[in-house]
Amino acid sequence: MTAPWMLPDFDDHEGFHIFRDPKAGLTAIIAIHSTYLGPSGGGTRFWHYAAPEAAITDALRLSRGMSYKNAMAGLAMGGGKAVILADADRTKSPELIAAFARAVDSLGGRYVTAQDVGISAQDILDISKGTKFVSGLPPKDGGAGGDPGPSTALGVFLGVKAAVKRALGKDDMVGVHVAIQGVGSVGGGLARHLAASGAKLTLADRDAAKAAALAAELGGTSVDADAILQVEADVLSPCALGAILDSQTIPLLKASVIAGGANNQLARPEHGDAVQARGILYAPDYVINAGGIINVALEYLDGADRATVDAKISGIPDRLNAVWDESAATGDNPAKVADRMAQKLIGRG
Ligand code: NAD
């Protein structure tokens, strides 16, 4: 097996920790990419991987992504990520969660955990019994914290508006046609903001009934999940899966703007060039979808109130515009520009 630091996704990570507790059934990895700006923050993923190598790659890649996201959100937080290697049945026991909390605690605050795929709000509460280095706890009166989805949706909405102003020269969303792929926590919240601001909506979800119901409620239309990328809309907002922009899909896109909440929308870095070559304005995913981590980080770092969180989220359009300005000045695609800006912010530029 290749050593983690020889893998292509190793990026001078500051720490790579493996935790095993056979009695509790725990095998976990905590990757700390950078603590340059503060404690490394990023959620815990509970996932059944086909092979351990895939878990290592995920931890390396996702922790670097958190460094970039936190830096571009203007947070005093570095980037880290934990993955718990679930068995095929995804068995999760109180002992496993307690052992994981001890693992997080042993790092003394260099890594702060939160929710990610496979980890519930209850799991986070349980983890908090074993370590204080955890965020995303239920909010106390008017405080930050809790479900990050609505904060992410708000940031994506503000980012969509900024992109529409930039690409279409429109100051408001009245009549602007937005196609949303995935109407879960983020996409559904985004659809509500957009409907309230007069946008025209086309919605799709793998769960077609869910998309149809929301479209009926908000006065939009719904299409098959397979058709959403090719809708003749002004904006395509990917809010479901990663890696949806690739050499098959990019030539078929009809929108002028891509601005959505899904992580890792570009299948590979060069697809940023392909999107740009089509004349489509792209909002780098980790810049536009930072609302949730802003909520989680400010809860942990400051015990901030809701108004402070919303004020920080309202900075997302400025950060997007800074990326687009540099993209226009240099000719580099926005995703590449965002990476470069983030690397500078974490002292690696
Ligand atoms: P969610 O599970 O609540 O919603 C995802 C929705 O996408 C579901 O309704 C699902 O049925 C649908 N979907 C799945 N595959 C689809 C497909 N092929 N076509 C159409 N629809 C499909 O998840 P979420 O929290 O809304 O997150 C959505 C995306 O945003 C994910 O990529 C996530 O990583 C990213 N994200 C979420 C947050 C957050 O705060 N929740 C923060 C940052 C990034």
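In listed order, ligands and their atoms are each counted from 1.
Applying the 4.0 Å criterion to heavy atoms of Lys210 picks out, from ligand 1, the atoms 8 (C), 9 (O). With ligand atoms numbered from 1 in the order given, ligand 1 contributes 7 (O), 21 (N) to contacts under 4.0 Å with heavy atoms of Gly182. Residue contact check: Asn289 has heavy atoms under 4.0 Å from atoms 43 (C), 44 (C) of ligand 1. When each atom of ligand 1 is checked for a heavy atom of Gly149 under 4.0 Å away, the hits are 40 (O), 41 (N). Ligand 1 places these atoms under 4.0 Å from at least one heavy atom of Pro148: 40 (O).
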Open item on the list: salt bridge (charged side-chain N to carboxylate O under 4.0 Å, His left out) for Asp310 and Lys312? Distances and angles first, verdict last.
Closed with: CA-CA 5 Å; Asp310 287 349; Lys312 190 91 175 163; over 6 Å; no
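The shortest N or O to N or O distance between Lys69 and ligand 1 is not under 3.5 Å. Checked by distance only, ligand 1 and Gly261 come closer than 3.5 Å through their nitrogen or oxygen atoms.
Note that the OG1 atom of Thr113 and the CZ atom of Phe100 stand 4.5 Å from one another [nearest 0.5 Å]. Summarising the geometry, atom CG belonging to Leu85 is positioned 13.0 Å from atom CZ belonging to Phe19; distances are rounded to the nearest 0.5 Å.
Contact annotation: Gln265 has no heavy atom less than 4.0 Å from any atom of ligand 1.
If you check each of Gly291, Ala240, Gly242 against atom 32 (O) of ligand 1, the one with the closest non-hydrogen atom is Ala240. Evaluated by nearest non-hydrogen atom to atom 27 (O) of ligand 1, the leading choice among Ile288, Val186, Asp147 is Val186.
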